[in-house]
Structure formats: C-alpha cells, structure tokens
Amino acid sequence: MEPSRIAFGIAWYVIFLFSTVLHEAAHALAARLGGDVTAESQITLDPIPHIRREPFGMVLVPWLMFLMSPNGSMMGWASTPFDPAWALRNPHRAAWMALAGPVSNGMLAVLTGVMIRAGLAFHWFGGSSDASIALEMLLIAFNLNVILAVLNMLPLPPLDGATALTLLMPEQAARRWQEQLRNPAVSMLTLVAVWIAFPRVASIALHWAQGWLRP
C-alpha cells in the first residue's frame, strides 16, 4: 500500500473517531442531564472508552471498509449504555438523549461547512498542498457528519430517530412506543431495509448539502 494512501486512511480514521465519539458523548451527556448516570464514563472525547465498548464497530469495520472501498471511505458504529427502566419512566428524556447524538453531528457538519464556504469565498484553499489537504479533510468531515446525522435521524428502530420520535407523542403513547422498539425482530428488519435504501438517501442528502457549500 502506498504511503499516501496510508496517510489518507489515518486522516479518515481520526475524523471518523472524533465524529463518532462526539455523537456518543452527546448521548451520554444528555442522559446524565436527564437523570441517568449509566453512561457517565462515556462523557468524554477520549476515544479509548468508546473503543473498549465497541472494538468491532470502532476499529475493525472502519479499516475493513477502508481497505475494500475504492474511494477509501470509512463507516462504523459505537454505542452508549443507558438504563431501560429510566427510559420507560422518562420517555421524553430518553428522546432528548437519542436526539443529542445526530444533532451533534449536524452541528459539526454545519461548522465544517461554514469553514469550507469561507475558504472557497476568500480563496484560502489554493496555491499550496497544505491548503488542498485542509480542504480535503474538511470535506471528509462535512460529508461524514451529514451522513451520520441523516442516517441516525431516520425514524426507524434501532436508529436514534425512532426514539426521538416520541417527543411528538404524549408520555403514555411514548412508553408504548418505547416498548415496541425493544423488539429485536423489528430492529433486524429495519437494518436490512436501511442497508438497501440508505445509499440512495445518503446520495440525495449529500447532493443537497454539497450544493450549499458553493458560495
């Protein structure tokens, strides 16, 4: 493998780690603010606790995707523990916890998008290899966080959007919905559907988001 591809993979992985850890830390912080201290140790941008919890999704799968992907992209997953009894007692607080993760990715996408727009408008990214590398890294962070935000906001279990949906329900209905979300068969069917349909959804989201980047 060429040194340039190795360097590109390391940069991609650092961006993936930060984006994923931010997502999970936001979940954990929202849960803590809502009264559930189960994930208190996950309120950190240190990737080690998150890797220890999900080594397969945080290390193995991203690097396998990088090696198999023609464009060198990465994707994986992490998780944040929570008290299911707390979630049933407080479905709206659990919904805010679920919403916090994709919102953090959306905010990071907006931040990197503003930096890209400003750089293009003021011609900061031309004339040097360092500037080109900076633009490429910002684009990776922007695209990845758009995908993470859109994917996780789909209102399908076990994605965050399914739990966040309970904010639109009365508490009693939200509790019933929370109970339905625990059905593993529903989650498996959803994951298969997402696997099939999400590339199209991601393509539309990225097309719209990248259009916004042009000053």
Side-chain angles (χ1 to χ4, degrees), residues 1-29 42-79 100-153 160 198-215:
M1 187 179 292
E2 296 179 359
S4 60
R5 182 166 170 82
I6 294 172
F8 181 69
I10 292 171
W12 237 109
Y13 187 62
V14 169
I15 294 168
F16 163 79
L17 271 186
F18 180 77
S19 303
T20 308
V21 167
L22 178 67
H23 179 107
E24 300 304 327
H27 279 320
L29 177 60
Q42 306 290 107
I43 308 174
T44 176
L45 293 180
D46 179 0
I48 300 302
H50 302 273
I51 291 173
R52 284 175 178 163
R53 179 169 171 80
E54 291 284 1
F56 192 74
M58 290 287 282
V59 181
L60 183 60
V61 169
W63 280 107
L64 283 175
M65 284 193 67
F66 175 77
L67 293 173
M68 294 188 298
S69 171
N71 63 356
S73 59
M74 289 187 187
M75 188 61 74
W77 66 85
S79 63
V103 165
S104 70
N105 294 123
M107 292 173 65
L108 190 53
V110 169
L111 176 62
T112 53
V114 168
M115 293 170 69
I116 292 167
R117 276 183 64 96
L120 292 175
F122 293 102
H123 309 289
W124 293 339
F125 298 125
S128 73
S129 59
D130 288 345
S132 297
I133 291 170
L135 175 59
E136 189 167 7
M137 295 303 99
L138 285 171
L139 283 168
I140 289 172
F142 178 80
N143 291 335
L144 176 60
N145 281 279
V146 167
I147 289 173
L148 288 173
V150 171
L151 172 62
N152 283 286
M153 279 306 295
D160 296 327
F198 187 69
R200 178 62 178 163
V201 175
S203 176
I204 293 170
L206 285 174
H207 178 74
W208 176 85
Q210 289 169 357
W212 174 78
L213 289 180
R214 300 182 184 93

Of all heavy-atom pairs between [X] and [Y], which one has the smallest distance, and what is that distance?
{"X": "Ser69", "Y": "Arg5", "value": "O-NH2, 3.5 Å"}
{"X": "Asn152", "Y": "Leu148", "value": "ND2-O, 2.8 Å"}
{"X": "Trp212", "Y": "Val110", "value": "CH2-O, 4.3 Å"}
{"X": "Ser79", "Y": "Gln42", "value": "O-NE2, 3.9 Å"}
{"X": "Ala78", "Y": "Thr20", "value": "CB-CG2, 3.8 Å"}
{"X": "Phe125", "Y": "Leu138", "value": "CZ-CD1, 3.8 Å"}

Between [X] and [Y], is any pair of side-chain heavy atoms under 4.5 Å apart?
{"X": "Val61", "Y": "Phe56", "answer": "yes"}
{"X": "His27", "Y": "Pro102", "answer": "yes"}
{"X": "Leu213", "Y": "Leu139", "answer": "yes"}
{"X": "Trp208", "Y": "Val146", "answer": "no"}
{"X": "Met153", "Y": "Val103", "answer": "no"}
{"X": "Glu24", "Y": "Arg53", "answer": "no"}
{"X": "Val59", "Y": "Tyr13", "answer": "yes"}
{"X": "Ile51", "Y": "Leu17", "answer": "yes"}

Inset, instruction - Report the relative orientation of the aromatic rings in Phe122 and Trp124; use parallel for angles under 30°, tilted for 30 to 60°, perpendicular for over 60°. - result: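 Plane angle under 30°, so parallel.
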
Inset, instruction - For the pair Phe8 and Phe66, name the ring-plane relationship: parallel under 30°, tilted 30 to 60°, perpendicular over 60°. - result: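 Plane angle between 30° and 60°, so tilted.
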
Inset, instruction - Check for a donor-acceptor pair, side chain of Asn105 on one end and backbone N or O of Ser19 on the other, with a separation under 3.5 Å. - result: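 Side chain of Asn105 to backbone of Ser19: a pair is present.
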
Legend entry - Steps toward side chain to side chain contact (heavy atoms under 4.5 Å, CB included) verdict (Met137, Val14): CA-CA 10 Å; Met137 295 303 99; Val14 169; over 6 Å; no

Legend entry - Those residues that, when tested against His50, pass ring-ring contact (aromatic ring centres under 6.0 Å, His included) (two or more places apart):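 Checked His50 against ring-ring contact (aromatic ring centres under 6.0 Å, His included); zero matches.
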
Quick check for you: to the nearest 0.5 Å, what is the distance between [X] atom [atom1] and [Y] atom [atom2]?
{"X": "Leu111", "Y": "Ile116", "atom1": "CG", "atom2": "CD1", "result": "10.0 Å"}
{"X": "Asn145", "Y": "His23", "atom1": "CG", "atom2": "NE2", "result": "10.5 Å"}
{"X": "Ile140", "Y": "Met74", "atom1": "CD1", "atom2": "CE", "result": "9.5 Å"}
{"X": "Leu108", "Y": "Phe142", "atom1": "CG", "atom2": "CZ", "result": "10.5 Å"}
{"X": "Asn143", "Y": "Thr112", "atom1": "CG", "atom2": "OG1", "result": "8.5 Å"}
{"X": "Glu136", "Y": "Trp12", "atom1": "CD", "atom2": "CH2", "result": "10.5 Å"}

Legend entry - Met115 CE: over 12 foreign heavy atoms closer than 6.0 Å: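 Atom CE in Met115 is not packed in, count stays at 12 or less.
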
